[in-house]
Number of protein chains: 2
Amino acid sequence: MTRRERLRAETTREITAIALAQLAEDGPGAISLRGIAREMGMTPRAIYSYFATRDELITALTGGIATDLADTLEAARDAVPTADTGGRLLAWALATRAWALANPQGFRLFFGDPVPGYQPPEDGPVERASRRICGGLTRLVADAWPLAGRHQPADVSWSDFPPAFFARLQDEDGAEIPPAAAALALRVWGRMHGLVALEIHGHIGAVVHDPAALYRTDMLDLIGSLGLTPPD
Amino acid sequence: MTRRERLRAETTREITAIALAQLAEDGPGAISLRGIAREMGMTPRAIYSYFATRDELITALTGGIATDLADTLEAARDAVPTADTGGRLLAWALATRAWALANPQGFRLFFGDPVPGYQPPEDGPVERASRRICGGLTRLVADAWPLAGRHQPADVSWSDFPPAFFARLQDEDGAEIPPAAAALALRVWGRMHGLVALEIHGHIGAVVHDPAALYRTDMLDLIGSLGLTPPD
DNA sequence: AGACTTACTACACGGCGTGTACTTTTACCT
DNA sequence: AGGTAAAAGTACACGCCGTGTAGTAAGTCT
């Protein structure tokens, strides 16, 4: 690592740090190249040596944030014994909400609309994190399938999904995942997401005092409906 | 109605119409006073005779959109006989998704973050529509309560909610709504919202071919879990 | 030591919301 | 009918924004 590379890495880190602060403070729309440059004592144009455009900066931020979320969810899941699928699902869900409350603007950036006219690239860290989240949840639901599958509709086939999604799930070692389990997993995802999204955007706080309890109740109900016993 | 008032109303309508077009085209962030003025052949500053600020314009737009959503949901519900609570809930849910797909940017504007640093006023049409939606759904769930309430936790009291929420629900003629039903209603709201939010923000389309069927399955499951028979 | 690449500056352009000051049009009152 | 106050609209300016072009200074490699 040459001196130049070290400096470059350091500056890049400083730029993203300031941008993250702007994001956390005033939301995605407040991320400003000129603001960052001002805070760093640089010419606005100097940032362009590190990010070719503002959207590229935002893409990098989103990637980091999404990766952080995926890490958090996987860590929460893995803190619960493999055998306790219900507990792992609950941990996943509660970690989702906790992360969202800790990073509300990051939640908006990743799950909502980042910035007008912005289109994320097809295969960056954002996509990869998205796949980790979707795939991780699907595998959890697949673990619950022996019980959860009993009351699920059987008319689902892998042709209902894009081939890439299928491939991604199956090439993990061994276990076959039934297509109906994948469909169920997406519905579970939606259910875990809904209340959190409403809360983050201020639609729940005005109407109930303890959103945490509400969410927990719903997640316990969800786990029960999958035929799993919630952990103690 | 004087000539002046007519002209004013007409101009106001034209401004909001163009703003709505901007919104539908490129999202909330693309709404621009200067752009509107340009399209109308006016000086940018002339808009200020109609809306004191850009945020005020957006507030008006959001109000109209939210009211439209509330109207749509209530109309869908009322197209199903009062006795068929399961059918009414399904209609409500499907109308939510259909409206969201027809007005994706409106969905973002109402349920997401409109614009950086923007704070909606406490008691405008937006709040009123929000209450209609939340309240309408709560009353539907209350209708299902005799059956749905059996497996619901009983440790919910009205002290868990803001007094205003309680008052709003009870002063409708007669029927007492149990607090646990209100809690359940919020969870139902979250469940109806989650998959739609994921889909609108592009997280579902990449991973399954027929989101409509997925959503319908989940809603039928939801209605079944409330002890209701889905309509034929 | 010279050549090339990288980081950075200076300046400019067109976009944005909006403040101040002024002119024109309309509505109302005597 | 004429005068006046309010409303609608214009002109100009300021400070934000992303970013294009041109040129300079420092670091790296042969």
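Per chain, numbering begins at 1; letters A, B, ... match sequence-line order.
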Participant: May I ask you to establish whether A:R45 and A:Y48 are in a cation-pi arrangement, using a distance under 6.0 Å from NZ or CZ to the six-membered ring centre and at most 45° from the ring axis?
Facilitator: yes
Participant: B:E5 CD to C:dT26 C1': how many Å, rounded?
Facilitator: 12 Å
Participant: If I take atom CZ in residue A:R6 and atom C1' in nucleotide D:dG27, what distance separates them, rounded to the nearest angstrom?
Facilitator: 13 Å
Participant: By nearest atom, which of the nucleotides D:dT10, D:dA8, D:dG18 is closest to the B:Y50 side chain?
Facilitator: D:dA8
Participant: Could you identify which residues of residues 33-42 of chain A place a heavy atom less than 4.0 Å from some atom of DNA chain D, listed by residue number, or say none?
Facilitator: A:L33, A:R34, A:G35, A:R38
Participant: To the nearest Å, give me how far apart CZ (A:R45) and C1' (D:dC17) are.
Facilitator: 13 Å
Participant: Please name the pair of heavy atoms, one in A:P162 and one in B:A206, separated by the smallest distance, quoted to 0.1 Å.
Facilitator: CG-O, 3.3 Å
Participant: Return no unless some side-chain N or O of B:S32 is found under 4.0 Å from OP1 or OP2 of C:dC16.
Facilitator: yes
Participant: Taking the six-membered ring for Trp, are B:H203 and A:F110 ring centroids under 6.0 Å apart?
Facilitator: yes
Participant: For A:L109 and A:I58: C-alpha separation, side-chain torsions, deciding distance, then whether side-chain contact (heavy atoms from CB on, under 4.5 Å) applies.
Facilitator: CA-CA 9 Å; A:L109 193 59; A:I58 291 183; 4.2 Å; yes
Participant: Ignoring backbone atoms, establish whether A:T53 has a side-chain N or O less than 4.0 Å from OP1 or OP2 of D:dT19.
Facilitator: yes
Participant: Touch check for A:I47, heavy atoms < 4.0 angstrom, all strands: base, sugar-phosphate only, or nothing?
Facilitator: nothing
Participant: Determine whether a donor-acceptor pair (N or O, by modelled atom type, separation under 3.5 Å) exists between the side chain of B:D78 and the backbone of B:A75.
Facilitator: no
Participant: So, B:R216 side chain and B:L94 main chain: donor-acceptor pair closer than 3.5 Å or not?
Facilitator: no
Participant: Mind checking what makes ring pair (Phe, Tyr, Trp, His ring centres under 6.0 Å) contact with B:F107, not counting sequence neighbours?
Facilitator: B:F111, B:H193
Participant: Please confirm whether the shortest side-chain N or O distance from B:R54 to OP1 or OP2 of C:dG17 is below 4.0 Å.
Facilitator: yes
Participant: Nearest whole angstrom, please: distance from the C1' of D:dA8 to the CZ of B:R4.
Facilitator: 6 Å
Participant: Using a strict heavy-atom distance below 4.0 Å, which residues from residues 7-17 of chain B are in contact with DNA chain D?
Facilitator: B:R8
Participant: Give a yes or no on whether a salt bridge exists between B:R131 and B:E127, defined as a side-chain N under 4.0 angstrom from a carboxylate O.
Facilitator: yes
Participant: Strictly below 4.0 Å: does A:S49 bring a side-chain N or O up to OP1 or OP2 of C:dC8?
Facilitator: no
Participant: Side-chain N or O of B:Y48 less than 4.0 angstrom from OP1 or OP2 on C:dG19?
Facilitator: no
Participant: Between C:dT9, C:dG19, C:dT25, which nucleotide has the shortest distance from any of its atoms to the side chain of A:A46?
Facilitator: C:dT9
Participant: Can you name the closest pair of heavy atoms from A:R88 and A:R77 and give their distance?
Facilitator: NE-O, 3.4 Å
